[in-house]
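In listed order, ligands and their atoms are each counted from 1.
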Amino acid sequence: MSRTAEISRTTKETNIKILIDLDSREEPKIDIELPFFTHILYSMAFHGGFYMEITGRGDIDVDPHHLVEDIGLVLGDVFTAIRTADGPHKRFGHFIIPMDEALSEVTIDVAGRPYLVYNANYPQPVAGTFDISLLKEFLLAFANRGGMNIHAVCRYGDNSHHMAEALFKALGKALGQAFSPAEGNIILSTKGKL
Ligand SMILES: [Mn+2]
């Protein structure tokens, strides 16, 4: 039973280290030189109720695309490590979070079958200086490597910052719920195996 994992990954484009501890409420530490992405990843872990430490550097002068996508890959790998080592989880998670005029929701199944449905129409293309379209690259990489089915929907909003921040809070809450121990410690699949 392990509810903590740490993975490092270095390529010619990025250098990333991520640690998750589902049982620690220590303040998240995000060091990635992308202020808005830092802001929403911090919110994700804080509201998810787990400790997350990310150190990431990459060729952001070319485009933050590589760094954002690779953080998704490594974070997915970390959750897969926990998912496969830890005891039975609740498996499903669902949260809807408001932020001012915006409402965003995430529904997940962490059973090892990757899929992403992402439905968001952001009114502004950037939040701060962050290209908001990169969130899809993050979510896709995270779903694929984390073995998660993620349905992420920004229902409505007038402000891209609010919509994305509410979405990442919902993702954190849904992860916290899905990775909490299953009642009766049983594997929640009618097949008896995930
Ligand atoms: Mn904010």
Side-chain angles (χ1 to χ4, degrees), residues 14 16-22 24-61 63-76 78-79 93-108 110 116-143 146 148 150-180:
T14 64
I16 293 164
K17 187 181 88 171
I18 301 182
L19 182 155
I20 296 282
D21 183 349
L22 293 178
S24 169
R25 284 305 316 250
E26 199 185 326
E27 188 182 358
K29 289 191 194 77
I30 318 290
D31 175 15
I32 57 173
E33 297 184 331
L34 295 171
F36 180 74
F37 198 40
T38 298
H39 176 53
I40 59 174
L41 287 171
Y42 182 99
S43 283
M44 180 183 100
F46 181 86
H47 291 286
F50 51 85
Y51 178 63
M52 181 166 79
E53 189 178 319
I54 302 181
T55 309
R57 292 292 180 273
D59 54 352
I60 58 174
D61 50 332
D63 184 336
H65 188 292
H66 300 141
L67 182 59
V68 171
E69 181 176 22
D70 289 0
I71 288 171
L73 292 177
V74 178
L75 190 61
V78 172
F79 272 100
H94 173 64
F95 264 86
I96 308 176
I97 300 280
M99 185 165 183
D100 295 346
E101 87 300 338
L103 192 72
S104 299
E105 75 174 78
V106 172
T107 308
I108 57 173
V110 301
L116 175 69
V117 174
Y118 181 44
N119 191 343
N121 288 306
Y122 293 103
Q124 298 88 31
V126 294
T129 56
F130 185 77
D131 173 2
I132 208 94
S133 75
L134 295 179
L135 296 181
K136 182 176 182 184
E137 310 309 320
F138 168 83
L139 290 168
L140 194 55
F142 183 48
M148 298 181 195
I150 301 176
H151 289 241
V153 179
C154 291
R155 289 193 182 184
Y156 49 77
D158 298 329
N159 180 281
S160 299
H161 181 136
H162 292 162
M163 293 163 73
E165 185 171 341
L167 191 74
F168 273 66
K169 286 176 181 165
L171 178 59
K173 297 285 282 182
L175 285 167
Q177 188 178 48
F179 277 92
S180 59

key: Steps toward ring-ring contact (aromatic ring centres under 6.0 Å, His included) verdict (H151, H94)   = CA-CA 9 Å; H151 289 241; H94 173 64; over 10 Å; no

request  = Using the side-chain hydrogen bond (donor to acceptor under 3.5 Å, both in side chains) rule, take Y51 and K29 through it: C-alpha gap first, then chi angles, then the decisive distance, then the call.
outcome  = CA-CA 8 Å; Y51 178 63; K29 289 191 194 77; 3.0 Å; yes

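The salt bridge (charged side-chain N to carboxylate O under 4.0 Å, His left out) contacts involving residues 98-107 comprise E105-R155, where partners must be two or more places apart or lie in separate chains.
Taking a 6.0 Å sphere around OH of Y122, one finds it holds more than 12 heavy atoms contributed by other residues, nucleotides or ligands.
Around the Mn ion (ligand 1), protein N, O or S atoms at less than 2.8 Å number 3.
With sequence neighbours excluded, no residue forms a salt bridge (charged side-chain N to carboxylate O under 4.0 Å, His left out) with D131. In this view, E27 satisfies the salt bridge (charged side-chain N to carboxylate O under 4.0 Å, His left out) rule with no residue, not counting sequence neighbours.
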